[in-house]
Visitor: 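Mind having a look at this structure? Questions to follow.
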4 protein chains.
Amino acid sequence: MGVKERKKMEKQMRRSQILGAARKLLLSRGMDNISISKISRESQLGVGTIYFYYKSKEDIFIALQEEGLSLLLDIIQQIHGQKKLPSDRKLVKIADAYYAFTRDQQEYYNIINYFLSSPRIFFNEDQKNHVDMAGSRILQVIQEIVLHGIDTGYFNKTDPKKFSIMFWATLHGLVQFKKLEHTALHNENIQQVYDYSVQTMVQMLHKKGEE
Amino acid sequence: MGVKERKKMEKQMRRSQILGAARKLLLSRGMDNISISKISRESQLGVGTIYFYYKSKEDIFIALQEEGLSLLLDIIQQIHGQKKLPSDRKLVKIADAYYAFTRDQQEYYNIINYFLSSPRIFFNEDQKNHVDMAGSRILQVIQEIVLHGIDTGYFNKTDPKKFSIMFWATLHGLVQFKKLEHTALHNENIQQVYDYSVQTMVQMLHKKGEE
Amino acid sequence: MGVKERKKMEKQMRRSQILGAARKLLLSRGMDNISISKISRESQLGVGTIYFYYKSKEDIFIALQEEGLSLLLDIIQQIHGQKKLPSDRKLVKIADAYYAFTRDQQEYYNIINYFLSSPRIFFNEDQKNHVDMAGSRILQVIQEIVLHGIDTGYFNKTDPKKFSIMFWATLHGLVQFKKLEHTALHNENIQQVYDYSVQTMVQMLHKKGEE
Amino acid sequence: MGVKERKKMEKQMRRSQILGAARKLLLSRGMDNISISKISRESQLGVGTIYFYYKSKEDIFIALQEEGLSLLLDIIQQIHGQKKLPSDRKLVKIADAYYAFTRDQQEYYNIINYFLSSPRIFFNEDQKNHVDMAGSRILQVIQEIVLHGIDTGYFNKTDPKKFSIMFWATLHGLVQFKKLEHTALHNENIQQVYDYSVQTMVQMLHKKGEE
DNA sequence: CATGAATGAGCATTCATTCAT
DNA sequence: TATGAATGAATGCTCATTCAT
């Protein structure tokens, strides 16, 4: 019995050994520079071994993406959990947290972003469902906040689902514009635009005249 | 001098010959299927010749991106040029046109998106200035519309530049979410969210109570 | 002794378990898609276990070949057993049965064919005797029929062994030509050639003038 | 002009350099042991170079097969060209020549045989046509001989095409049985069976009674 | 007996790039 | 200028086999 458990532990360890190597490569060299043989070299494991634990390169990417998403989700849920915080503050804080995430966990952001924006289809139906559901949790949290704001009469009535998607898409789009700061955007500071946008969207939710 | 000019002309012709082949491959086979040797075959030019005119594959991509951007810019400017159209209608039409563009000119959209979402930095200083200016013109048009709306008292006062960037980023972000329609978005129709978002943003610009 | 016997039984069971998995893979996925690890997965046994019972992939193929041959032999013997059937009818029926076998049991046919047409020598002395005897039985049956035909004065005198080998080789060769039907054979229907050949060979056996 | 021709010559040389290496590997190690990288090593050329001259592994196989077929065809046509030889003697000589070919040019025989008997589909439609047409020439020669024999009243009337296919298939099948000589065939000498079969088939063609 | 983790050579193919002509 | 032959590293992935437990 102890044997079985140890085996299981070791298996877990190998998986994280592989993921560790992949993560290291991801963080140091970027998405386009990961290959199975590089992971093999980095992890000191044979290529066959990599394939024993992950049945394709995509599976490894998925695991990494899930890491990133769950990291982000944790942050967001931690904010969501602050019962005393009013709904609008929650949205602002979440937006800020996302901006910080894209800055501080750049490569995790990159990997999430990579799959979202690539025209290529990387994942089969199963994989897609698996991954996207993780991302869907984030949208759900925002939706819950909006819904709660509406229910308590704090926010105007609006389609909470549509609003949440717009909200998140706006943040997402703005972050991608960051690299245009000094060219197309003529030195307009993206972070300020980001703050402006968040504020604007949140104000939209507030009942006119009340405030 | 006549000689010099002819030489320059010929050089231009070769470049457009190459670009033509690349464009054909882009539109017919997609981004991931362009390689120098394929361009060589398609353009009836030697690989060496390709390299003489474009020093790397990325340079060709950049040129194609410019094409796509200028295509999009044309559409937008054509809308902008409709003097009789009120500012809010213009914004809606531009948004609709962009959505249509991402649908109908998918490969051009993909290549624009590719550079925008890639974590890598592709451009040297020269290329940056040269290329992104095309994208910047789009934002300028929107900005002009917003500004004109404010100046004529049609829109609320708001930072026109920041608003334009937000506006565009939202559209851009939403289009990228399209691929999540059936997973993370739980079958929420993105086009409807897109319309909702455009409407919402435009309404924000309108003076309260007036309309 | 009872223990020894049970051990032997269990060993047989394991072997047939492995063979069952291999057969399933053979019939469903074809020869080229069998690998030890696939057999391992299919049979619910560890790869090491497979190697314990069969010391190589080829050994498993040989076992499958035997299966196929014995399947074919059964069909042929069933025909041979029809006492009332005249010798010439038997030959025709056997030929037809073989043709049907190559069509309906394609993967068994493929594996038999594989060993027969491969330039490599797969068998060690042991395997040779063991395996080929199955094939040899088929020839014996034909030989018996021919011999009986001659003995009863139904057929001309000819070397029964040589004739049988020629008979079988012709069928075998023709089946292999099937894939040339639309190219080298210029749409000549192989089945018709097959029938023609069988008839021709059988007529050769008949006494001239009689019938 | 001289330059162009030399280039062409050099290109031819490279092709035969590659084919030479492939042939050498084929003859020394057998079909299953050829890989592009082995050809690359053997020919002292980079793998990329191989692919520059042959666009796939299959193309190389085809070239080799064509070599073999044309070798065989030459022999057969040389016999066919002997105007004085009666039709039956021609058939016997061709059969003998084929038997000798399978013995003396074993690896060429193996490669032809390999593709004929493999259940796998190696070639696309184009490649198949290309190759099989070469094989079809052999059958045509036999057919011509049979037809000529019939026309001159030397042979019985029979379907010349069907007969030719049967004739060749029988030879082909018998050669494949060679490896069973000491097992399934119980030491019956295949060459004798071969001779017996050829004689038998040729006699069938002769008018009864005349001879 | 039975396991299944680990291996690493091997596969066909693509590619951006160089360079002698 | 223009060519296209040559390169060889790189890719994702499979597989038969071994061996410590």
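The sequence lines fix the lettering, A, B, ..., with proteins before strands; numbering per chain opens at 1.
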Visitor: Once you round to the nearest 0.5 Å, how far does CG of C:Leu64 lie from CD1 of C:Ile34?
Guide: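 Going from CG on C:Leu64 over to CD1 on C:Ile34, the span is 6.0 Å.
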Visitor: Identify, between A:Gln44 and C:Leu45, the residue whose nearest nucleotide on DNA chain E lies closer to the 5' end.
Guide: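 With A:Gln44 and C:Leu45 compared, the 5'-side residue is C:Leu45.
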Visitor: Return the value, rounded to whole Å, for the distance between atom OH of A:Tyr54 and atom C1' of E:dA6.
Guide: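 Distance check: A:Tyr54 OH to E:dA6 C1' gives 16 Å.
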Visitor: Should B:Arg41 be listed as having a side-chain N or O under 4.0 Å from OP1 or OP2 of F:dG4?
Guide: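 No.
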Visitor: Is there any salt bridge (Lys or Arg N to Asp or Glu O under 4.0 Å) pair reaching into residues 34-57 of chain A, and which pairs are they, with sequence neighbours excluded?
Guide: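 Qualifying pairs, neighbours excluded: A:Lys24-A:Glu42, A:Lys55-A:Asp59.
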Visitor: Going 5' to 3' along nucleotides 16-21 of chain E, which nucleotides have protein heavy atoms under 4.0 Å from the base (write B), which only from the sugar-phosphate (write S), and which from neither (write -)?
Guide: SBB---
Visitor: Below 4.5 Å, heavy atoms only, C-beta onward: do A:Gln17 and A:Arg14 meet side chain to side chain?
Guide: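 Of all side-chain heavy-atom pairs linking A:Arg14 with A:Gln17, at least one is under 4.5 Å.
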Visitor: Over how many whole Å does the gap from B:Arg15 atom CZ to F:dA2 atom P extend?
Guide: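 After rounding, the gap between these two atoms is 13 Å.
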Visitor: State, yes or no, whether a side-chain contact exists between A:Leu25 and A:Asn33 at a heavy-atom distance under 4.5 Å.
Guide: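 No, side chains not in contact.
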Visitor: Looking at CD1 of B:Ile60 and CD1 of B:Ile18, how far apart are the two atoms once the value is rounded to the nearest 0.5 Å?
Guide: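 It comes to 6.5 Å.
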Visitor: Between C:Arg14 (CZ) and E:dC1 (P), how many Å, whole number?
Guide: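 Nearest whole value for this atom pair: 10 Å.
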Visitor: Tell me: CG of A:Asn33 to P of E:dC15, nearest whole Å?
Guide: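 Result: 17 Å.
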Visitor: Which whole-number value in Å describes the distance from D:Glu58 CD to E:dT13 C1'?
Guide: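 Atom-to-atom, D:Glu58 to E:dT13, this comes out as 12 Å.
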Visitor: Does A:Tyr53 offer a backbone N or O that forms a donor-acceptor pair with the side chain of A:Arg15 under 3.5 Å?
Guide: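 It does hold such a pair.
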Visitor: Can you measure C:Ile39 atom CD1 to F:dT14 atom P for me and round it to whole angstrom units?
Guide: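 Taking CD1 of C:Ile39 and P of F:dT14, I get 16 Å after rounding.
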Visitor: It should be established whether A:Lys38 places a side-chain nitrogen or oxygen under 4.0 Å from OP1 or OP2 of nucleotide F:dA10.
Guide: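 Negative; the distance criterion is not met.
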Visitor: C:Asp32 has an atom CG; how far is it from atom C1' of F:dC15, in whole Å?
Guide: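 It is 14 Å, rounded to the nearest whole Å.
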Visitor: Distance-only, no hydrogens or angles: does the A:Ser40 side chain make a donor-acceptor pair with backbone N or O of A:Leu45 under 3.5 Å?
Guide: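 Yes.
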Visitor: Just the rounded figure in Å: distance from P of F:dA6 to CD of D:Glu10.
Guide: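 Distance check: D:Glu10 CD to F:dA6 P gives 8 Å.
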Visitor: Roughly how far, to the nearest 0.5 Å, is the OH atom of C:Tyr108 from the CG atom of C:Asn113?
Guide: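 With rounding to 0.5 Å, CG (C:Asn113) is 16.0 Å from OH (C:Tyr108).
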Visitor: For DNA chain F, list all stems, counting runs of three or more consecutive pairs where every pair is Watson-Crick or G-U wobble with both distances under 3.5 Å.
Guide: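 When the pairs of DNA chain F are grouped into runs of at least three, the stems are E:2-21 with F:2-21.
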Visitor: D:Arg6 vs D:Glu10, test: salt bridge (Lys or Arg N to Asp or Glu O under 4.0 Å). Steps then yes/no.
Guide: CA-CA 6 Å; D:Arg6 207 189 45 234; D:Glu10 277 172 6; 3.7 Å; yes
